[in-house]
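What follows is one structure encoded as structure tokens, with my remarks underneath.
What you are looking at is a predicted structure, and each value in this text was computed from that prediction instead of being measured. Just so you know, ligand 1 is whichever comes first in the structure, and atom 1 is the first atom listed for that ligand.
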Amino acid sequence: MQNDRSKAWFEKAQKFIPGGVNSPVRAFGSVGGTPVFIQKGDGPFIIDADGNRYLDFVSSWGPLILGHRHPVVVKAIQKALERGTSFGAPTEAEVALAAKVVELVPSIEKVRMVNSGTEAAMTAVRLARGISNKDKIIKFEGCYHGHSDSFLMKAGSGTATLGIPGSPGVPKSLVSDTLLAPYNDLTAVESLVEAFKGQIAAVIVEPVAGNMGTVPPKEGFLKGLRELTRQAGIFLIFDEVITGFRLSNGGAQELFGVQPDLTCLGKIIGGGLPVGAVGGRCDVMDALAPAGTIYQAGTLSGNPLAMSAGLATLDYLQKYRIPLKLNETSTIFVARLKKWIHQKSLPVTINQVGSMVTLFFTNTAVENFKQASGADAGLYAKFFHSLLEKGIYFPPSPFETVFLSHAMQPEDLDMAFDKITVSLLEALRAE
Ligand code: KE4
């Protein structure tokens, strides 16, 4: 693919923006090469500055479950725009989206809108700490909850992509308040709860990990966490920024039947515009100012354009039962790939939960960050570029999740299957 314009734009971008990007994982750091500058999205496709068209398996890192510029979303934004962009005052739109979230997500009775998943996770932990008057939290290696200080220890996503285990700038006092356990390891959590009895405010977890690649919860892991935290009087926070409204209309908590005390939402809830949210029982959420004294705020929180895009998306997902249908389509697609990989005896493990998929270049099962890190990142980079050349846009990092979108038609997935299998053979130089 010719990429002169992307190259020129990237060169210019680096003059004005650190690393030339506004989010590190976009810079192709771990796969090498020049990030493609995107001109336009069109259903399941994106078109770059050089006019190359790609089938998009990144979906803006999850928000675009309906694909690019879905008519119902575009229309909702246009309609909201006729009334203005932002007022810094309550609007009917934010009440309508809040009511929809409460209707869809089993554990949520009240919800506060913010502008990103990071803010949602930050606020959830502040609520847990403020109500319990305890400081420590438990997070899992390879899970990513945004870039606020308490979460940047052995996180996933961009920090894993760039090999940044922690981040300079996080005070040592905060580092000691974040305890780490391997994902899927209940015994490790039990030991931490015992060792730090009475000091732990919350356990925060991605109910299906998406930031070390896709890693499903093992049987009993989520239920075990729920029981353990309930008995110990510790808040259980589900970070559903990726899984919310994707794995089912009620998120992973509906799919797995486990209710957390607090839920973080993002991505799909904004329909492609910046929205995050934190929700939970009334008694917990009413601790937030101005109802309570735990402070959180945001100039553009509840922005009417974003609320309208989010509500249009959630309404459509609910009305046409999209998540469950997309889960079925994804399962069929992945089963076809797994069968082919097995027939070829290739050293590739595929993890899939619903429309969240990751191909790991390894022979072992991948159930935690250590195993995900053991996969061959060099082979992934070759695979990524081989796909890019063929017009298939996968995440530019082995520690991210491939997302299928509702916009992908059967012929798109057939084309993708053919190209993915060729690229696997090319990357592995196998016949
Ligand atoms: P944002 O602050 O980026 O909106 O959300 C942070 C966040 C929180 N929780 C989970 C489970 C997340 O996956 C994320 C953000 N996801 C990454 C990609 N896996 C965002 C991509 C990026 O950093 O550019």
Item to check | Pair Ser150-Arg129, side-chain donor/acceptor within less than 3.5 Å | outcome: yes
Lys/Arg-Asp/Glu bridge criterion (N-O < 4.0 Å) met for [X], [Y]:
X: Lys325; Y: Glu328; answer: no
X: Lys136; Y: Asp177; answer: yes
X: Lys218; Y: Glu367; answer: yes

Checklist entry - Which parts of the protein, at residue level, reach under 4.0 Å of ligand 1 through a heavy atom? => result Ser23, Val25, Trp61, Ser116, Gly117, Thr118, Tyr144, His145, Gly146, Ser157, Glu206, Asn211, Asp239, Val241, Ile242, Lys267, Glu400
Item to check | Close aromatic pair by centroid cut-off 6.0 Å: Phe384 and Phe28 | outcome: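 Yes, ring centres under 6.0 Å apart.
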Next on the checklist: Going by ring pair (Phe, Tyr, Trp, His ring centres under 6.0 Å), name the pairs with one or both residues in residues 295-317, residues two or more places apart or in two chains.
Outcome noted: His70-Tyr316, Tyr316-Tyr320
